[in-house]
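Keep in mind that the numbers below use all heavy atoms, side chains included, and drop hydrogens, waters and symmetry copies. Given the structure is predicted, the values throughout are model-derived calculations rather than measurements. Protein chains get the first letters and strands the later ones, always in sequence-line order, with residue 1 at the start of each.
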Protein chains: 2
Amino acid sequence: MARAGLDTDEVVRAGARLADVEGLEALTLARLAGDLGVRAPSLYAHVSGLDDLRRRIGVRGALELAGELQTAAAGRAGADALDAVARAYRDYARAHPGSYEALQRAPDPRDARAGAAATRVVDVVRAVLRGYGLDGDDATHATRAIRSALHGFVSLERGGGFGLPLALDESYAELVDVLDRGLAAASSGRPRRAGPAPRARPRRTTPRPKP
Amino acid sequence: MARAGLDTDEVVRAGARLADVEGLEALTLARLAGDLGVRAPSLYAHVSGLDDLRRRIGVRGALELAGELQTAAAGRAGADALDAVARAYRDYARAHPGSYEALQRAPDPRDARAGAAATRVVDVVRAVLRGYGLDGDDATHATRAIRSALHGFVSLERGGGFGLPLALDESYAELVDVLDRGLAAASSGRPRRAGPAPRARPRRTTPRPKP
DNA sequence: GAATCTATCTAATAGGATTAGGTATGTCAA
DNA sequence: TTGACATACCTAATCCTATTAGATAGATTC
């Protein structure tokens, strides 16, 4: 038999592609082996099982996503950066639904690379928040808020949770605006419960295309 | 053989309990049948398969969740109502993780009850937004924003996506504050991009316990 | 060319979903 | 009381999946 010449990277890459095209549920070792022209047990030479494969797809996805976010954020600040990162986030989740779902699972605490990949995503978001004057605990809370909002939207959208997909682009833009306003208010000095938002803060610099 | 006396409701209830205690992944017909003192094929008399069971658990969960949210919102308005609903939402997801996950899947378009259950949840959120003066399209976008944020937080929290579970209660409170501020600004009249938030809007009426 | 490494194979086990078809329990009417 | 019927439950069987064990053959190295 001619060898297929696989290695772990190739298997993970093919697994990610399959998951992205047919959904993470459709990713089975039997199916993936078929796609690769190999019998299912052969995959165990490269991956230690289905769970391991899913985790590796997740790590790969997290690194990819972090790269996209980093590119989007480069050279931008404040609301502009938030907007760009939010778009890149949603774009990635829609282009790679299987990888995105895999990346959403808790990283294996024993796998340093998994933790590092997750950290890279968080770090990009955290960097954006410097433009809002947030640091320390405030930045942690704000990072969690942004991640929650973006992930929640993307997750509901993918699952069909919004019913008719009417004006989803606009809804997403509004969500990002709500975050922007809320975070700007949070950073405008304590006590931050009663004061009006600052007036002259620069807003989005590039006009948003109408959906 | 003595009959177990099952019916569909009993099977779904037991399935939801199993999913809540051991996770939706642990819900198998074989396991559930064992719990009910019955063989796996017997469940097909009450449920048309594993997928159907999951969907029914989801519908049941959506109705339960809608009830909790409705109770939380009763007699409150504005930021107070938003806060109460947000807490109830998170409480439900933590108390019933399996049902929550099941409810998150897209409802079967052919099942009227599934659609109605999903609608009930959305309606409670939408009702809260009346206290923010939002209606029509604005209310739709705002509803989606709130659902995204709450679901995203709860989903990341459950999946261990926040790393160390440090100060999660506080982060959640801050997230709700960000929503409140952002929505209040959205409702304060158009053009809504530049104006300061209204000053005298009533804030949360009950002090939030420190985490 | 021999030795080694390893990617792949076949064979086998185990567990899950699901279908087909039989059995016995409960209900209801005569 | 007895018969008929509906149905809750069963066993047996099929198919698919993950996974392990052990053999083989292609590639690499000395």
Look at B/Arg56 together with B/Asp52 and state whether they make a salt bridge at an N to O cut-off of under 4.0 Å. yes
Taking only residues two or more places apart in sequence, or in another chain, which ones meet B/Glu157 in a side-chain hydrogen bond (donor to acceptor under 3.5 Å, both in side chains)? B/Arg90, B/Arg94
Does the structure place the NZ or CZ of A/Arg144 under 6.0 Å from the centre of the six-membered ring of B/Phe153, at an angle of no more than 45° from the ring's axis? no
Whole angstrom is fine here: how far is it from CZ in A/Arg31 over to P in D/dA18? 12 Å
Here the distance between atom P of C/dA17 and atom CD of A/Glu25, to the nearest Å, is 13 Å
With sequence neighbours excluded, residues passing side chain to side chain contact (heavy atoms under 4.5 Å, CB included) with A/Asp123: A/Thr119
When rounded to whole Å, the CG to P distance for the pair A/Leu29 and D/dT20 reads 11 Å
Tell me which residues in residues 39-55 of chain A lie within less than 4.0 Å of DNA chain D, going by non-hydrogen atoms. A/Pro41, A/Tyr44, A/Gly49, A/Leu50
Kindly say whether the aromatic ring centers of B/Tyr100 and B/His151 come within a distance under 6.0 Å. yes
Between P of C/dG26 and CG of B/Leu6, the distance in whole Å: 14 Å
Checking A/Leu179, A/Asp138, A/Leu183 against A/Tyr132 for side-chain contact (heavy atoms from CB on, under 4.5 Å), the one that qualifies is A/Leu183
